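We name chains A, B, ... by the order of the sequence lines, and we start the count at 1 in each one. The shown structure was predicted, so the numbers you read here are calculated from the model rather than taken from an experiment.
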Amino acid sequence: MAQEDKAKKVKAEKAKESALTYDLSGGDVRPNVKKVKAKITEKSQKGKMQKKVKSPKKESTDFEIADDKRIKEEANDGDFMPEKKGKKRKRKLESVEGPSSSTALSLPKKKKKKASQEGDESFGPEKRKKKAEAKNKKVKKEEEEHPVAVKTKKTKKTKEEIEAARALKIKKKEEEEQQRWRWWEEEKYADGIKWKFLEHNGPYFPPEYQPLPDNVKFYYDGKPVKLSLAAEEVALFFAQMLDHEYTTKDVFRDNFFADWRKEMTLEERMLITDLNKCDFGELHAMHRERVEARKNMSKEEKLVIKEANQKILEEYGYCMLDKHRERIGNFKIEPPALFRGRGEHPKQGMLKKRIQPEDVIINCSRDSRIPVPPAGHSWKEVRHDDTVTWLASWTENIQGSCKYVMLNANSKLKGEKDWEKYEVARKLKTCVDAIRAQYQQDLKSKQMGIRQRAVALYFIDKLALRAGNEKEEGETADTVGCCSLRVEHITLHDTLGGDKCVVEFDFLGKDCIRYYNKVPVSKRVFKNLKLFMQNKQETDDLFDRLNTALLNKHLSSLMPGLTAKVFRTYNASMTLQQQLKELSNPSDNQVEKLLSYNRANRAVAVLCNHQRAPPKTFEQSMANLQAKIESRKEQLALAKKELKQAKKEAKANSDNKLLAVVEKKKKAVQRCEEQLLRMEVQATDREENKQIALSTSKLNYLDPRISVAWCKNMEVSLDKIYNKTQRDKFAWAIDMTELDFLF
DNA sequence: GCAGATACTTAGCATTGGTATT
DNA sequence: AATACCAATGCTAAGTATCTGC
């Protein structure tokens, strides 16, 4: 209790220093919510914690058109009636009005890649090359000098050894840097061609199932039953999950049981007809023992395993792509298992089957060494398609969708695409004002389809909602995005908490993450929403004349390469840039700067609704940290007292020795204060991060060049922001970004 | 124009493994 | 050396968007 109070106090103090709330308004950045504050509420049925975004107090309206009077219920095209839903929740859209062909923005439709290349001069290798080379040399020089200088000082052997290790590390780093494929300095391939040469060893298959030892038995109706190999394997999948909540759900159990029975012999199937009579106890116990044993393995045993894994990685984890060795992302075929969908997935518990080489398509160069299938097997197909990036693919049996083996995020293929993504988003900056003006205009359109498109776009832009493709009902959990919102997902409030025209959103989005938000909107949007909801059932689509294909078709007519998801990238990166500018100060110390960075990152995560379950050990670890802070405080008090005493004595008789003591004590106090600050900041940071996930936005939405430039400007080491993997992924950005980069 | 197929990005959770602490 | 902790990594599901064939 006392600790909690103190924690709160610390937090409050910190908040005073630098704004605790995220002010997302202002500038040319999305005039979104002012003061977004994460709040915790109870989540829906799943019992998961969810984050609530407090309703914005005020709305800045710099891209809204104030005059709203004109919009009357001047009805539309006359035939406005909600569409009946088919089984699949897929709508037929009557051949829609020709696009209100439009705006000065309209550009001839062109191939996306081409356009983005032409559009931005910084998206090309030539100019960067020289600068980059020069920079590289400089870095190397500095690194060479450093360890030598330090080494001479050290006297102890161990310290020398540490230095040697450090030097080795630097050397390794340097070597790695030299090996790096600087693809961003090369010419790009012709449209659609992804590689000229591709060679690899095929995917790695999981080991065969090992039958149970004889002393571990499965019981049915109290009697031991020796299962066939296939049935036993699947039984073990279930037994392994017994600790998990999944196995208590009816859907999961039913799906599992149905699929399990398919694996059984006729005899077994006759016998085993009720899952409740199955006793997996011994199987479960065995599994737990194995897990335990694994944990308790000796160092040597662990090393053996590690080396074996290393060997697999060496053999299957890399490929040759255009003369360069590239790391493969997911070279291991997914092992068989029980399907674990997210949320209330209708297919949870079904058996995800073992993939055989006969199921796998290999893609590689015609003139490469074709991968050899495991002994006694053959590939489904070997093809040589240089317009795709995958090395192998197979069809998964749950949804019937395709799975791919692709390269690691640090590869050229992924990096180039990523770079391009941010360039498209940056291009949106040049026309976003016109697009916003356009959809404000479209809110008044006589055609219902266009109005719906305008409102949807408004949501996507303002709230960073996802596009919302249609999904087949019964195949997946019931989740929605913007275009697939249903009437039941929003509530309109004429006034709410002092705001007018408030829309309350409450729906499950991707991964069944709840989106809950109360947003004041313009009168015009509000009236449109009322109109869209007229004469509809709760389960009817809000935008019955719109789907993602139509929306994206419209968007690509406004700017080549523009799709709904570009707005998320654009608004995320803009928010980061603007928040960094607002929150961070060059005169702050390193710790404060990093807190600011995290807060800017957090603002984006809140915007994009990136949530996580609070870590299981959260409360405990917070308490631990708090305790540490307390003890440090005591230390500080003590150090201060000693300093005071020392000063007193020094004053009494000014002795050089005593003065030295004063200095020493001063330093101790200072160090203590620094450490205390660091811990307090850490506590604040962690608390604010309790159920917000920063990594998704960092990895997928934030132009790395913003962060690189910020680090350079603020003189913060980049590895405080990006770990090794992230630095590898963003190598292109790290290499090319100058101090003056602006998204 | 549409449905299904295809290819690729985005997502959160589980496990691992390295480091600090005892 | 054992343990605790948390960051990094691995995994694979779930999205977006485009392509293809009628």
Side-chain angles (χ1 to χ4, degrees), chain A residues 48 88 90-96 111-112 192 194 244 291 294-296 298-299 302 305-306 309 313 329-335 337 339-343 345 347-348 352 361 363 385 387-390 393 395-396 398-404 406-409 413-414 417-418 421 466-472 475-477 479-484 508-513 547-553 555-556 561-566 568-569 572 605 608-613 615-618 620-621 624-625 628 682 686 691 693-697 699-701 722-726:
Chain A
K48 246 171 120 185
K88 281 189 179 174
K90 288 206 176 184
R91 293 140 302 170
K92 301 253 146 59
L93 296 140
E94 69 266 46
S95 34
V96 188
K111 277 260 175 176
K112 171 172 142 194
K194 303 291 167 58
H244 206 289
V291 169
R294 233 185 122 79
K295 249 191 346 215
N296 295 330
S298 70
K299 242 191 214 163
K302 278 184 181 165
I305 290 181
K306 199 177 171 184
N309 283 334
L313 176 69
N330 56 328
F331 57 90
K332 287 180 176 164
I333 297 270
E334 293 171 22
F339 177 75
R340 308 153 82 124
R342 314 254 164 88
H345 201 295
K347 299 195 168 186
Q348 62 191 97
K352 188 169 75 171
I361 304 173
N363 191 38
D385 185 350
T387 68
V388 295
T389 65
W390 52 269
S393 73
T395 303
E396 152 269 357
I398 303 286
Q399 322 264 6
S401 65
C402 227
K403 299 261 186 177
Y404 300 92
M406 287 184 191
L407 296 189
N408 190 273
L413 252 23
K414 293 288 184 188
K417 202 74 191 294
D418 211 32
K421 173 181 76 186
R466 294 187 186 82
N469 282 332
E470 287 124 25
K471 306 168 41 169
E472 289 204 23
E475 294 293 301
T476 60
T479 61
V480 296
C482 185
C483 292
S484 48
L508 294 183
K510 182 178 179 179
D511 294 312
C512 285
I513 297 295
N547 62 28
T548 53
L550 279 172
L551 180 64
N552 281 336
K553 203 175 143 203
L555 288 174
S556 72
L562 185 60
T563 61
K565 85 188 190 88
V566 177
R568 246 166 107 81
T569 311
C608 293
N609 201 37
H610 291 144
Q611 302 187 32
R612 61 168 188 174
K616 287 192 191 86
T617 55
F618 186 84
Q620 184 58 52
S621 83
N624 289 349
L625 188 57
K628 265 169 141 186
Q682 197 188 3
R686 219 188 271 177
Q691 39 195 201
L694 298 187
S695 60
T696 305
S697 49
L699 240 42
N700 300 306
Y701 289 103
Y722 290 137
N723 66 32
K724 174 86 173 79
T725 312
Q726 294 163 339

As a test of reading the structure: which of C:dA14, C:dA13, C:dC6 is closest to the side chain of A:Ser621, going by heavy atoms? C:dC6
Rounded distance in Å - NZ (A:Lys471) to C1' (C:dG15): 8 Å
Rounded to 10°, tell me the angle between the two end axes of the helix from B:dG1-C:dC22 to B:dT22-C:dA1, each built from five pairs. 20°
Measure from the side chain of A:Arg568, starting at C-beta and using heavy atoms only, and say which of B:dA11, C:dA14, C:dA8 lies closest. B:dA11
Are A:Arg686 and C:dC6 close enough that a side-chain N or O sits under 4.0 Å from OP1 or OP2? yes
Given DNA chain C, 5'-ward residue of the pair A:Gly329 and A:His345, judged by closest heavy atom: A:Gly329
C:dC6, B:dC13, B:dG18: which one has an atom nearest the side-chain heavy atoms of A:Ala613? B:dC13
Assert: residue with more 5' nearest nucleotide on DNA chain C, out of A:Glu334 and A:Ala467, is A:Glu334
Taking only N and O in the side chain of A:Lys352, is any of them less than 4.0 Å away from OP1 or OP2 of C:dA13? yes
Might you work through the side-chain contact (heavy atoms from CB on, under 4.5 Å) test for A:Arg686 and A:Ser621, ending with a clear yes or no? CA-CA 10 Å; A:Arg686 219 188 271 177; A:Ser621 83; 3.2 Å; yes
Would you find a donor on one side and an acceptor on the other, under 3.5 Å apart, between the side chain of A:Asn547 and the backbone of A:Cys483? no
Taking CD from A:Glu470 and C1' from C:dG15, how many angstroms apart are they, rounded to a whole number? 14 Å
If you check the A:His244 side chain, which of C:dC11, B:dA11, B:dA14 turns out closest? B:dA14
Could you give the CG-to-C1' distance, from A:Asn408 to C:dA8, as a whole number of Å? 13 Å
Of all the nucleotides listed (B:dA14, C:dT12, C:dT16), which has the minimum atom distance to the side chain of A:Lys403? C:dT12
Run A:Phe339 and A:Gln399 through side-chain contact (heavy atoms from CB on, under 4.5 Å) and show every step you take. CA-CA 10 Å; A:Phe339 177 75; A:Gln399 322 264 6; 3.8 Å; yes
Closest to the side chain of A:Asn469, out of C:dT16, B:dA14, B:dC13, is C:dT16
Are there more than 12 heavy atoms of other residues, nucleotides or ligands under 6.0 Å from atom NZ of A:Lys302? yes
Would you say C:dG15 has OP1 or OP2 under 4.0 Å from some side-chain N or O of A:Thr479? yes
A:Leu550 CG to B:dC2 C1', in whole Å, measures 12 Å
Would you say A:Lys628 has more than 12 foreign heavy atoms packed within less than 6.0 Å of its NZ? no
For A:Lys724, which contact category applies under a 4.0 Å heavy-atom criterion: base, sugar-phosphate, or nothing? nothing
Full working for side-chain contact (heavy atoms from CB on, under 4.5 Å) between A:Thr696 and A:Cys608: CA-CA 9 Å; A:Thr696 305; A:Cys608 293; over 6 Å; no
Between the protein and nucleotides 5-9 of chain B, list the N/O to N/O atom pairs that are separated by less than 3.5 angstrom.
residue, atom, partner, partner atom, Å
B:dA7, OP2, A:Trp390, NE1, 3.4
B:dA7, OP2, A:Tyr404, OH, 3.0
B:dC8, OP1, A:Lys194, NZ, 3.1
B:dC8, OP2, A:Thr389, N, 3.0
B:dC8, OP2, A:Thr389, OG1, 2.9
B:dC8, O5', A:Thr389, OG1, 3.3
B:dT9, OP2, A:Lys414, NZ, 2.3
B:dT9, O3', A:Lys565, NZ, 3.3

Residue-phosphate contact under 4.0 Å: A:Thr563 side-chain N/O, C:dA17 OP1/OP2: yes
Residue A:Tyr701, side-chain atoms from C-beta onward, closest of C:dA13, C:dA14, B:dT10: B:dT10
According to a strict under-4.0 Å criterion, is A:His610 in side-chain N/O contact with OP1 or OP2 of B:dA11? yes
Taking the nucleotide of DNA chain B with the closest heavy atom to each, which residue, A:Arg340 or A:Asn309, is nearer the 5' end? A:Arg340
Quick one: do A:His244 and A:Arg340 satisfy side-chain contact (heavy atoms from CB on, under 4.5 Å)? Show the steps, please. CA-CA 11 Å; A:His244 206 289; A:Arg340 308 153 82 124; 3.6 Å; yes
Counting heavy atoms from C-beta on, name the nucleotide in C:dA14, C:dT18, B:dG12 closest to the side chain of A:Gln399. C:dA14
Nucleotide C:dA2, atom C1' - distance to NZ of A:Lys299 in whole Å: 11 Å
Is the side chain of A:Lys403 donor-acceptor paired with the backbone N or O of A:Ser393 at a distance under 3.5 Å, no angle test? no
Whole-Å gap separating P (B:dG17) and CG (A:Asn296): 15 Å
Of A:Thr479, A:Asp511, A:Leu508, which meets side chain to side chain contact (heavy atoms under 4.5 Å, CB included) against A:Arg342? A:Asp511
Reckon A:Asn552 has a side-chain N or O less than 4.0 Å from the OP1 or OP2 of C:dA17? yes
With a 4.5 Å limit on heavy-atom distance, are the side chains of A:Met406 and A:Leu413 in contact? no
Taking CD1 from A:Ile513 and C1' from C:dG15, how many angstroms apart are they, rounded to a whole number? 13 Å
Any base atoms under 4.0 Å from A:Ala564, or only sugar-phosphate, or nothing? Heavy atoms, all strands. sugar-phosphate
Mind checking whether A:Val291 and A:Lys295 have side chains closer than 4.5 Å, heavy atoms only? no
Side-chain N or O of A:Arg466 closer than 4.0 Å to phosphate OP1/OP2 of C:dA14: no
Spacing between A:Gln620 atom CD and C:dC6 atom C1', to the nearest angstrom: 14 Å
Classify the side-chain pair A:Lys414/A:Thr389 by whether it contains a donor and acceptor separated by less than 3.5 Å. no
